[in-house]
Asks: 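The structure is given below, and queries will be raised subsequently.
Values in this document were obtained by computation on a predicted structure and should not be read as measured data.
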Amino acid sequence: MSAKTYGISLHTLAREEGKEEEILSDLRCISELFSQHPDYVKIVDSPQIERGELMMVLNDDFFGRINRYTLNFLKLLSEKHMVHHLQECLKEYEKLYNSANNIQVVDITTA
């Protein structure tokens, strides 16, 4: 499965549950956190670390702080060694969110 597909799947679930904005906010915060701490991404993406331990790490770090769907999404990405693709998932999610909410992103250049 591609990062795009994961982003689409998460958006579909979020929309069905009425949690689009909450999960979008979660993803943005996590993406920012991951960009500030790239070693963390390497740890939760590592195939050398036992999956059960990684799930405990994710629970310890995120349980109660983010939506449970977002946490489960992170766990899924970790199981598939795709956490490093979170930014791509977020971009797809944002694209679908913007489309569903009639939001257009534009670039403005001023003098």
Side-chain angles (χ1 to χ4, degrees):
M1 228 194 256
S2 71
K4 181 177 179 175
T5 304
Y6 281 108
I8 292 169
S9 298
L10 181 60
H11 181 265
T12 301
L13 173 65
R15 188 164 185 158
E16 289 172 0
E17 297 295 323
K19 303 285 184 183
E20 283 179 287
E21 275 188 55
E22 182 180 356
I23 291 174
L24 177 60
S25 177
D26 288 348
L27 291 174
R28 286 176 174 161
C29 290
I30 293 166
S31 179
E32 179 66 27
L33 177 73
F34 285 1
S35 69
Q36 293 173 2
H37 302 282
D39 288 339
Y40 184 87
V41 175
K42 290 177 186 174
I43 291 168
V44 296
D45 224 6
S46 174
Q48 288 83 19
I49 300 176
E50 201 269 324
R51 295 287 102 192
E53 283 185 51
L54 288 175
M55 297 308 114
M56 287 176 37
V57 166
L58 290 170
N59 274 335
D60 289 347
D61 293 343
F62 293 105
F63 185 80
R65 294 179 178 98
I66 61 174
N67 183 284
R68 66 186 171 105
Y69 295 124
T70 311
L71 178 56
N72 288 337
F73 183 71
L74 283 179
K75 290 178 179 180
L76 176 66
L77 291 180
S78 180
E79 287 175 359
K80 303 293 183 182
H81 312 292
M82 290 189 64
V83 174
H84 62 281
H85 289 292
L86 179 71
Q87 184 64 34
E88 296 166 56
C89 298
L90 170 58
K91 284 181 184 177
E92 188 61 31
Y93 186 101
E94 282 181 320
K95 186 173 96 177
L96 294 167
Y97 176 86
N98 289 345
S99 176
N101 291 285
N102 296 318
I103 298 171
Q104 289 190 340
V105 178
V106 296
D107 290 323
I108 298 175
T109 307
T110 61

Asks: Can you run down the ring-ring contact (aromatic ring centres under 6.0 Å, His included) pairs that involve residues 40-70, sequence neighbours left out, and say none if there aren't any?
Replies: F34-Y40
Asks: Determine all donor-acceptor pairs shorter than 3.5 Å in which one atom belongs to a side chain in residues 97-110; sequence neighbours excluded.
Replies:
residue, atom, partner, partner atom, Å
N98, ND2, E94, O, 3.4
N101, ND2, Y97, O, 2.8

Asks: For residues V83 and L74, report the shortest heavy-atom separation together with the two atoms involved.
Replies: CG2-O, 4.3 Å
Asks: Got a sec, which residues hit side-chain hydrogen bond (donor to acceptor under 3.5 Å, both in side chains) with E22, two or more places apart in sequence or on another chain?
Replies: N67
Asks: Closest heavy-atom contact between I23 and A14?
Replies: CD1-CB, 3.7 Å
Asks: Do F73 and C89 touch side chain to side chain, with heavy atoms closer than 4.5 Å?
Replies: yes
Asks: With sequence neighbours excluded, what pairs up with Y93 under the ring pair (Phe, Tyr, Trp, His ring centres under 6.0 Å) test?
Replies: H11
Asks: Please output the side-chain donor-acceptor pairs of residues 48-55 that fall under 3.5 Å, not counting sequence neighbours, one pair per line with the distance.
Replies:
residue, atom, partner, partner atom, Å
Q48, OE1, S46, OG, 2.8
E50, OE1, G52, N, 2.9
E50, OE1, E53, N, 3.0
E50, OE2, G52, N, 3.2
R51, NH1, S78, O, 2.3
R51, NH1, S78, OG, 3.2
R51, NH2, S46, O, 2.4

Asks: Who are the side-chain hydrogen bond (donor to acceptor under 3.5 Å, both in side chains) partners of K75, not counting sequence neighbours?
Replies: N59
Asks: Partners of E92 by salt bridge (Lys or Arg N to Asp or Glu O under 4.0 Å), sequence neighbours excluded?
Replies: K95
Asks: Does a sphere of radius 6.0 Å around CD in E79 hold more than 12 heavy atoms from other residues, nucleotides or ligands, not counting ones at 6.0 Å or beyond?
Replies: yes
Asks: Taking side-chain hydrogen bond (donor to acceptor under 3.5 Å, both in side chains) as the definition, give me every residue that meets it alongside Q87, ordered by chain and number, with sequence neighbours left out.
Replies: S31
Asks: Does any part of the side chain of I43, heavy atoms only, come nearer than 4.5 Å to the side chain of V57, both counted from C-beta?
Replies: no
Asks: Is there a side-chain contact between Y6 and L10 in this structure, where contact means two heavy atoms from C-beta onward sitting under 4.5 Å apart?
Replies: no
Asks: Could you give me the CA-CA distance, side-chain angles and deciding distance for L24 and L90, then say whether side-chain contact (heavy atoms from CB on, under 4.5 Å) is met?
Replies: CA-CA 8 Å; L24 177 60; L90 170 58; 3.8 Å; yes
Asks: When rounded to the nearest 0.5 angstrom, what is the spacing between CZ in R65 and CG in D60?
Replies: 8.5 Å
Asks: Just verifying a value: how many Å separate L58 CG and I66 CD1, rounded to the nearest 0.5 Å?
Replies: 8.0 Å
Asks: Run the side-chain hydrogen bond (donor to acceptor under 3.5 Å, both in side chains) test against H84 and tell me which residues pass, sequence neighbours left out.
Replies: D45
Asks: Can you give me the closest heavy-atom contact between S35 and P38, atom names plus distance?
Replies: O-CD, 3.9 Å
Asks: Can you give me the closest heavy-atom contact between P47 and H81, atom names plus distance?
Replies: CA-CE1, 3.3 Å
Asks: Which residues pass the side-chain contact (heavy atoms from CB on, under 4.5 Å) test with S2, not counting sequence neighbours?
Replies: K4, T5
Asks: Tell me every residue that passes side-chain contact (heavy atoms from CB on, under 4.5 Å) with K42, counting only those two or more places apart in sequence or in another chain.
Replies: D39
Asks: Evaluate the side-chain proximity of L77 to H85: yes if any heavy-atom separation is below 4.5 Å, no if none is.
Replies: no
